[in-house]
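I have placed the structure first, in the form of structure tokens, so that the comments after it can refer back to it.
These values consider heavy atoms only, across backbone and side chains, with no hydrogens, waters or symmetry-generated copies.
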2 protein chains.
Amino acid sequence: MEEGYHQEDRTVFDLIKGLIKSLRLFQNESVFCENITFVQFCILDYISSAEGQLGMSSLHSLLGVEKSTTTRLAAPLIKQNLLMRVASSKDSRAVELKMTREGEKVHNAVWACMKRFIEDCRQSIPDTDRKDVISSVNMFIHSLENCCRRDRNCC
Amino acid sequence: MEEGYHQEDRTVFDLIKGLIKSLRLFQNESVFCENITFVQFCILDYISSAEGQLGMSSLHSLLGVEKSTTTRLAAPLIKQNLLMRVASSKDSRAVELKMTREGEKVHNAVWACMKRFIEDCRQSIPDTDRKDVISSVNMFIHSLENCCRRDRNCC
DNA sequence: TTTTTTAGTTGTAAAATACAACCAATGCAT
DNA sequence: ATGCATTGGTTGTATTTTACAACTAAAAAA
């Protein structure tokens, strides 16, 4: 009983290592596509999904990083004129990020590129398993997030 | 048909974003546990699994990073006397990393800590779904790796 | 009205990561 | 045996992500 659980602990850890390794392609720090990084593309994508405008604090929640990190991640996109900062009408402390016309173009171009990669992924998974895979990966993500939320005195 | 595929592209991309977000806890750059980072722990773990000794080029394959990165990642572990460099008997260019007694202690301590986290993860997933989840996440990892291997002129 | 919380920026700093360049050892082709 | 290609690994250089602390000002709560 104890032995079986031990083995499964190892299996879960191997999954985590495997995921980190295979997802590293996306988190590669060098320029990813159209002169932006993968995380920067994610930002454009979140804003695109929010009808072209999103508050910094919403964005920081979506990204799951510190507020300071969100400021730094958005800065190159503002500099490249893919996003613009807009004062919030509701709270004068707050800033909203708005997609520019240029930002839409870059978002679309990178998404077109991304789709080719995703289609390859999809084709690697048999049709019959696909829904199970999607459902199970979501379940795994939620279990990871569950654990991240708990108080810990270590790790 | 086209519409359905489009929607599924989005779903896969959302999975990738979700995974990157939830795995970020591990890749947090601050010290993770026992004065080492998560990736450094992975290195100790790979070496532990290889009976305490592993070549640099094997390690760089397992990690999925550039050789230069492997050198940098191992350096703090050598400095902290958790690993030691050993010349290869087969190829005088090659270096092998050997676990020290201290390294074993740290590896065991961090693994004990890691197990608590993994047990939480495991408990979040219903018993009935667990094997499916493990199998499906593995399938997803393999499909990502499949795509990473293909030649690309972009991304 | 006062205190607490929140929004976001900036200073500072660390870790991971890559590419180029390099040197020497090994493997391969002739 | 010789010459060329490949491999093993390091170092220089540089970028991105990321966090914590400190700060200011606005909003919310007591």
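Judged as a salt bridge (charged side-chain N to carboxylate O under 4.0 Å, His left out), the pairs with a partner in residues 36-65 of chain A (not counting sequence neighbours) are, in order, A/D45-B/R10, A/D45-B/K17. The side-chain hydrogen bond (donor to acceptor under 3.5 Å, both in side chains) pairs that include a residue from residues 82-95 of chain A are A/D91-A/R93, where partners are two or more places apart or lie in different chains. Counting only residues at least two apart or on different chains, no ring-ring contact (aromatic ring centres under 6.0 Å, His included) pair has a member in residues 65-95 of chain A.
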N/O to N/O distances under 3.5 Å, protein versus nucleotides 9-11 of chain C:
| residue | atom | partner | partner atom | Å |
| --- | --- | --- | --- | --- |
| C/dT9 | OP1 | A/R85 | NH1 | 2.2 |
| C/dT9 | OP1 | A/R85 | NH2 | 3.2 |
| C/dT9 | OP2 | A/T71 | OG1 | 2.2 |
| C/dG11 | N7 | A/R72 | NH2 | 3.0 |
| C/dG11 | O6 | A/R72 | NH2 | 2.5 |

Report each atom pair, protein N/O against N/O of nucleotides 25-28 of chain D, whose distance is under 3.5 angstrom.
| residue | atom | partner | partner atom | Å |
| --- | --- | --- | --- | --- |
| D/dA26 | O3' | A/S92 | OG | 3.1 |
| D/dA26 | N3 | A/R93 | NH1 | 2.8 |
| D/dA27 | OP1 | A/S92 | N | 3.2 |
| D/dA27 | OP1 | A/S92 | OG | 3.4 |
| D/dA27 | O4' | A/R93 | NH2 | 3.3 |

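When the C1' atoms of four end pairs are superposed on the next four at each end of the helix from C/dT1-D/dA30 to C/dT30-D/dA1, using five pairs per end, the two resulting axes differ in direction by 40°, to 10°.
Residue A/T37 has a polar side-chain atom (N or O) positioned under 4.0 Å from OP1 or OP2 of D/dT17. Put simply, A/Q40 has a side-chain N or O that comes within less than 4.0 Å of OP1 or OP2 on D/dT17.
With sequence neighbours excluded, the residues forming a side chain to side chain contact (heavy atoms under 4.5 Å, CB included) with A/E119 are A/K115, A/R122, B/D9, listed by chain and number. Remark: A/F41 engages A/H107, B/F13 in a ring-ring contact (aromatic ring centres under 6.0 Å, His included) (not counting sequence neighbours). Residues passing the side chain to side chain contact (heavy atoms under 4.5 Å, CB included) test with A/V12, sequence neighbours excluded: A/I16, A/F140, B/I118. For A/Q53, the side chain to side chain donor-acceptor pair (under 3.5 Å) criterion is met by A/E96, not counting sequence neighbours.
Look at CD1 on B/I20: it is 17 Å from P on C/dA16, rounded to the nearest Å. Distance CG (B/L63) to C1' (C/dA18): 15 Å, rounded to an integer number of Å. As a whole-Å value, the separation of B/K21 NZ from D/dT18 C1' is 16 Å. Taking atom CZ of residue B/F41 and atom C1' of nucleotide C/dA16, one finds them 19 Å apart after rounding to whole Å. Computed from coordinates, the B/F38 CZ to C/dA16 P distance equals 11 Å when rounded to whole Å. Counting to the nearest Å, the C1' atom of D/dA21 and the CD atom of A/E66 are 11 Å from each other. Computed from coordinates, the B/I36 CD1 to C/dA15 C1' distance equals 14 Å when rounded to whole Å.
Heavy-atom distances to DNA chain C give each of A/S57 and B/L73 a nearest nucleotide, and the one nearer the 5′ end belongs to A/S57.
Among the heavy atoms of the strands, none lies under 4.0 Å from A/E96.
A donor and an acceptor atom, one from each side chain of A/N81 and A/T100, are nowhere located under 3.5 Å apart.
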Could you tabulate the donor-acceptor pairs under 3.5 Å formed by side-chain atoms of residues 55-70 of chain A, not counting sequence neighbours?
| residue | atom | partner | partner atom | Å |
| --- | --- | --- | --- | --- |
| A/H60 | ND1 | A/S57 | O | 3.3 |
| A/S61 | OG | A/S57 | O | 3.2 |
| A/T70 | OG1 | A/E66 | O | 3.3 |

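The residues B/R130 and A/E8 are annotated as salt-bridged, a charged nitrogen and a carboxylate oxygen being separated by less than 4.0 angstrom.
One distance of note links CD1 of A/I141 with OG of A/S136; it measures 11.0 Å at 0.5 Å rounding.
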